[in-house]
Amino acid sequence: MSLRDKLVEILPDLLPTREEEAIKGKELIARVRAVLGDSYSDHSLRSQFSFIALEPDSCLARVANGQGYYLRTAEAAPSLHNMFESEAEASREGQDPLHKALALAVRLYDTAGMGVFVYPLEDEESWEHPDLVAVQWPAATTDDTDALVFDPTDTPAPYLRSVCVCIEPDAESCRRAFFRTMACALSSQEAELLIIGEEPHMPTELSRLATLYGVGIRAITADVEVEDALPRADEIFRADTADARGLLSELPQLTLAHPRHRERPPLPENHLPATAAAKHWAQSCIAKGRVETYEMRVAVN
């Protein structure tokens with residue numbers, strides 16, 4: 001039984017039933033360890049809490065715009081990560097360059113027909129999971145709600161592109177982001193570094209390494225004045241497809257290297273459990289025969 005399945009089985013008995021009595025992640029980890037022991041790291045447990053809270057029919061709910069977990073009832077619904085919230089208290093996040101960059105990244109891949117799985121922002125950048133995973137779906141059609149649908153009985157497995165976003169396009173930041181992209185894509189079929197900001201100063205050796213190791217490098221140019229003129233992150237995220245494409249078409253884009261597809265990732269998915277969660281989400285969409293709406297594409301924090 002997977003860690004996720006174990007948690008789904010035991011969490012209803014461990015969670016408080018009222019939001020006012022919500023417990024923090026540290027206490028929930030302690031309760032889980034009392035049942036499952038010490039076989040799993042804190043990071044693995046916290047990641048699974050986030051991924052389970054993403055599912056609308058799961059037992060785990062997270063306090064909106066706060067901290068703490070409680071038992072989800074039929075009335076409770078998962079909230080978006082605050083990078084896409086529109087409430088007044090999220091005003092700063094909506095204008096932050098990183099939030100805007102991630103929103104642009106989501107729409108870049110989404111409007112190209114790829115599914116997007118976004119990871120929660122953390123205090124420090126992760127070298128265990130990318131900023132987002134873009135999923136290349138098999139052949140699909142669009143229904144009257146603009147959702148992608150396909151036949152789950154005759155659908156090949158999707159493949160994953162791990163994407164890291166860099167918003168500081170100086171040479172040293174590009175180097176760090178490039179190697180982080182390589183590290184976070186070891187369990188994916190493709191890897192891509194997306195640079196968003198002023199014109200990047202790409203070190204020559206990175207272009208050679210990108211060709212050698214098959215890492216894609218793409219740049220979207222937006223200087224400070226352009227960035228200030230962009231809509232809020234939540235507005236970019238929720239814009240309809242036509243408006244999102246129009247916004248992206250106004251921003252100069254340059255492909256410095258194309259990602260190389262590999263049928264077999266260098267390492268099995270259990271090497272990077274967080275990437276495995278993106279694969280689980282993609283497979284769940286395939287099994288349901290449709291790609292879920294935006295709100296269910298984002299891993300809530």
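Nothing here was measured: the structure is a model prediction, and the numbers come from that model.
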Residue list, side-chain hydrogen bond (donor to acceptor under 3.5 Å, both in side chains) with [X], at least two apart or on another chain:
X      : value
Glu168 : Ser173
Arg31  : Glu27
Arg180 : Asp131
Ser207 : none

(message) To the nearest 0.5 Å, what is the distance between CG on Leu60 and CD on Gln48?
(response)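 If we round to the nearest 0.5 Å, Leu60:CG and Gln48:CD are 11.0 Å apart.
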(message) So, taking the atom named CZ in Arg107 and the one named CG in Asp110, what distance separates them when rounded to the nearest 0.5 Å?
(response)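 Those atoms lie 5.0 Å apart.
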Tell me, please, which residues at least two apart from [X] pass salt bridge (Lys or Arg N to Asp or Glu O under 4.0 Å).
X      : value
Arg175 : Glu172, Glu205
Arg264 : none
Glu235 : none
Asp42  : Arg33

(request) Would you name the heavy atoms of Ala257 and Val215 that are closest together and state the gap between them? (result)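 Ala257 and Val215 have their closest heavy atoms at CB-O, 3.6 Å.
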(request) Please report the closest heavy-atom contact between Val106 and Val116, naming both atoms and the distance. (result)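 Shortest heavy-atom contact: O-CG2, 3.6 Å.
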Return all side-chain donor-acceptor pairs below 3.5 angstrom for residues 196-203, not counting sequence neighbours, or 'none' if the list is empty.
none

(message) Taking ring-ring contact (aromatic ring centres under 6.0 Å, His included) as the definition, give me every residue that meets it alongside His258, ordered by chain and number, with sequence neighbours left out.
(response)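 If we apply the ring-ring contact (aromatic ring centres under 6.0 Å, His included) test to His258, skipping adjacent residues, there are no hits.
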(request) Say whether Leu212 and Met182 are linked into one hydrophobic cluster, either directly or through other cluster members, by side-chain heavy-atom distances under 4.5 angstrom. (result)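 In one cluster with Leu212: Met182, yes.
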(message) With a 4.0 Å cut-off on N to O distance, would you call Arg18 and Glu21 a salt bridge?
(response)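 Result for this pair is yes, salt bridge flagged.
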(request) Run the salt-bridge test on Arg218 and Glu192 with the 4.0 Å N-O cut-off and return the result as yes or no. (result)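 Yes, Arg218 and Glu192 are salt-bridged.
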(message) Does either side chain, that of Lys24 or that of Tyr69, offer a donor lying less than 3.5 Å from an acceptor on the other one?
(response)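 Per modelled atom types, Lys24 and Tyr69 side chains form no pair under 3.5 Å.
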(request) Please determine, by modelled atom types, if Ser58 and Arg72 share a side-chain donor-acceptor pair under 3.5 angstrom. (result)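 Yes, because at least one side-chain N or O of Ser58 sits under 3.5 Å from a partner of the opposite role on Arg72.
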(message) With a 3.5 Å distance limit and no angle check, can you tell me whether Thr181 reaches the backbone of Ala177 through a side-chain donor-acceptor pair?
(response)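 Looks like yes, one N/O pair under 3.5 Å.
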(request) Name all residues meeting the side-chain contact (heavy atoms from CB on, under 4.5 Å) criterion together with Ser2; count only those two or more places apart in sequence or in a different chain, and write none if there are none. (result)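 Scan of Ser2 (side-chain contact (heavy atoms from CB on, under 4.5 Å), adjacent residues dropped) gives Arg4, Asp5.
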(request) Using side-chain contact (heavy atoms from CB on, under 4.5 Å) as the criterion, list what pairs up with Gln189, not counting sequence neighbours. (result)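 Testing Gln189 for side-chain contact (heavy atoms from CB on, under 4.5 Å), a comparison that skips the adjacent residues, returns Tyr159, Leu160, His261, Pro265.
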